[in-house]
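Quick one: the structure is below, questions incoming.
Whatever order the structure lists ligands and atoms in, that order sets their numbers, starting from 1. Because the structure is a prediction, the values reported are computed rather than measured. When a residue number appears, it is its place in the shown sequence, counting from 1.
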Amino acid sequence: MTRPQFVLFGSSIVQLSFGNGGWGANLTDLYARKADIVLRGYSGWTSRCALQVLDKVFPKDAGVQPSLVITYFGGNDSIGPHPSGLSPHVPLSEYVDNMRKIATHLKGLSETTRLIFLGAPPVNETLIQESKRLTSCTFLKDLVRTNELCGKYSRALIELCREMDVKVIDLWTAIQKKNDWLTTCFTDGIHLTAEGSNIVTEEILKVLKEANWEPSLHWESMEAEFSEINPFGPVNSDGILALNPSEWDFHRNVQWK
Ligand SMILES: *[C@@H]1O[C@H](CO)[C@@H](O)[C@H](O)[C@H]1NC(C)=O
Ligand SMILES: *[C@@H]1O[C@H](CO)[C@@H](O)[C@H](O)[C@H]1NC(C)=O
Ligand SMILES: *[C@@H]1O[C@H](CO)[C@@H](O)[C@H](O)[C@H]1NC(C)=O
């Protein structure tokens with residue numbers, strides 16, 4: 001028996017998602033005994049980097065294919081070009097092409113591999129400038145990352161996903177709906193605090209609940225593994241183990257074996 005696998009694939013917003021009250025940790029907690037949450041996050045990567053290793057991270061002939069892949073690239077792609085040509089910048093049309101190739105590959109893994117793409121979250125530009133002041137690297141200081149550019153890449157991804165019938169979460173809009181998003185959602189203007197991450201978790205759960213996927217991948221609809229075997233469960237008045245949790249009646253004199 002194999003437990004369904006959910007893979008989180010993307011750049012730093014994914015790599016960091018298990019720390020600091022992150023959304024990956026949220027999902028791991030909610031899906032305990034229901035799905036294995038597998039982290040495949042690579043800080044600093046763009047969609048161009050992702051394409052190079054797609055076959056290695058998601059081989060077509062793997063014994064077990066993921067039930068769900070949550071993918072995020074775009075933040076680094078949307079950074080403006082640098083005169084040296086060394087910026088992580090990926091032009092918008094190439095970004096869309098790359099994401100199309102990633103979606104096509106992931107869809108082809110199995111009939112039941114479901115996808116959710118995350119659009120680039122917004123940024124607090126002032127906070128980015130402040131964080132950059134601490135670095136002595138002039139190259140980093142020269143890189144331009146604006147909220148408007150994040151929005152542009154996010155809108156392009158949403159359009160692609162609609163066209164390809166892939167579920168997509170508009171984090172750029174969802175996070176900016178929170179009144180105090182500029183001061184509560186980021187650690188350094190880009191990366192998410194627990195409060196920022198909580199919005200990501202809620203948006204993902206909304207998609208999982210509303211999707212008409214068979215079988216449903218929402219945690220409340222999934223069975224807990226081995227829920228029928230509980231050697232230390234309560235026994236009923238005849239001393240027989242109450243195997244089915246619905247038989248447990250905690251208001252009566254339940255004894256624990
Ligand atoms: C995510 O985790 C944080 C930190 O542990 C917690 O405060 C929050 O309620 C969790 N969010 C969800 C939707 O489970
Ligand atoms: C790429 O983006 C990540 C956050 O998504 C950030 O930590 C990193 O600094 C960015 N890379 C550059 C070169 O700005
Ligand atoms: C960005 O974050 C800083 C620090 O939390 C805050 O002072 C500032 O008001 C925020 N907003 C903008 C637009 O910079």
Practice problem: Mind checking the CD-CZ spacing from E159 to R162? Nearest 0.5 Å is all I need. | Solution: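 Here the interatomic distance stands at 8.5 Å.
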Practice problem: Using modelled atom types only, decide if a donor and an acceptor are shared between the side chain of R114 and the backbone of S67 within a distance under 3.5 Å. | Solution: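 No.
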Exercise. Give yes if a backbone or side-chain nitrogen or oxygen of N198 is under 3.5 Å from a nitrogen or oxygen of ligand 1, and no if not.
Key: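 Such a contact does occur with ligand 1.
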Quiz item: With respect to F9, which candidate in W45, F73, F117 satisfies the ring pair (Phe, Tyr, Trp, His ring centres under 6.0 Å) definition?
Solution: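 That would be F73.
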Practice problem: Could you tell me whether atom 7 (O) of ligand 1 has at least one protein heavy atom nearer than 4.0 Å? | Solution: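 No, because not a single protein heavy atom sits under 4.0 Å from atom 7 (O) of ligand 1.
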Quiz prompt | Polar proximity ligand 1 side, E202 side, N/O cut 3.5 Å exclusive | solution =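 No.
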Self-check item: Test item: Q65 side-chain N/O and K60 main-chain N/O as donor-acceptor pair under 3.5 Å
Solution: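 Side chain of Q65 to backbone of K60, a donor-acceptor pair under 3.5 Å: yes, one is there.
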Quiz prompt | For atom 4 (C) of ligand 1, the protein heavy atom that lies nearest, with its residue and separation | solution =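 Protein heavy atom with the smallest distance to atom 4 (C) of ligand 1: G21 CA, 4.0 Å.
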Self-check item: Which residue and heavy atom of the protein sit nearest atom 9 (O) of ligand 3, plus the separation
Solution: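 For atom 9 (O) of ligand 3, the nearest protein heavy atom comes out as T183 CG2, 4.2 Å.
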Quiz item: Going by the atom numbers of ligand 1, which of them fall below 4.0 Å from some non-hydrogen atom of T201?
Solution: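 Result: 13 (C).
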Quiz item: Side chain of K132, backbone of L143: donor and acceptor closer than 3.5 Å?
Solution: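 At least one qualifying donor-acceptor pair exists.
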Quiz prompt | Options N124, V123, T126, ranked by nearest heavy atom to atom 3 (C) of ligand 3, top entry | solution =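 Going through N124, V123, T126 one by one, N124 has the nearest heavy atom to atom 3 (C) of ligand 3.
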Quiz item: Identify the closest protein heavy atom to atom 13 (C) of ligand 3: which residue and atom is it, and at what distance?
Solution: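 Looking only at protein heavy atoms, the one closest to atom 13 (C) of ligand 3 is L182 CD1, 3.7 Å.
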Quiz prompt | Per-atom contacts, ligand 1 versus N26 - under 4.0 Å to a heavy atom | solution =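 Answer, ordered by atom number: 1 (C), 2 (O), 3 (C), 8 (C), 10 (C), 11 (N), 12 (C), 14 (O).
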Practice problem: Spell out, as yes or no, whether a donor-acceptor pair under 3.5 Å connects the side chain of H89 to the backbone of I79. | Solution: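 Yes: the side chain of H89 pairs with the backbone of I79.
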Exercise. Answer yes or no: is there a donor N or O on one side and an acceptor on the other, between the side chain of S17 and the main chain of W23, under 3.5 Å?
Key: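 No; judged by distance alone, with no hydrogens or angles, the pair does not exist.
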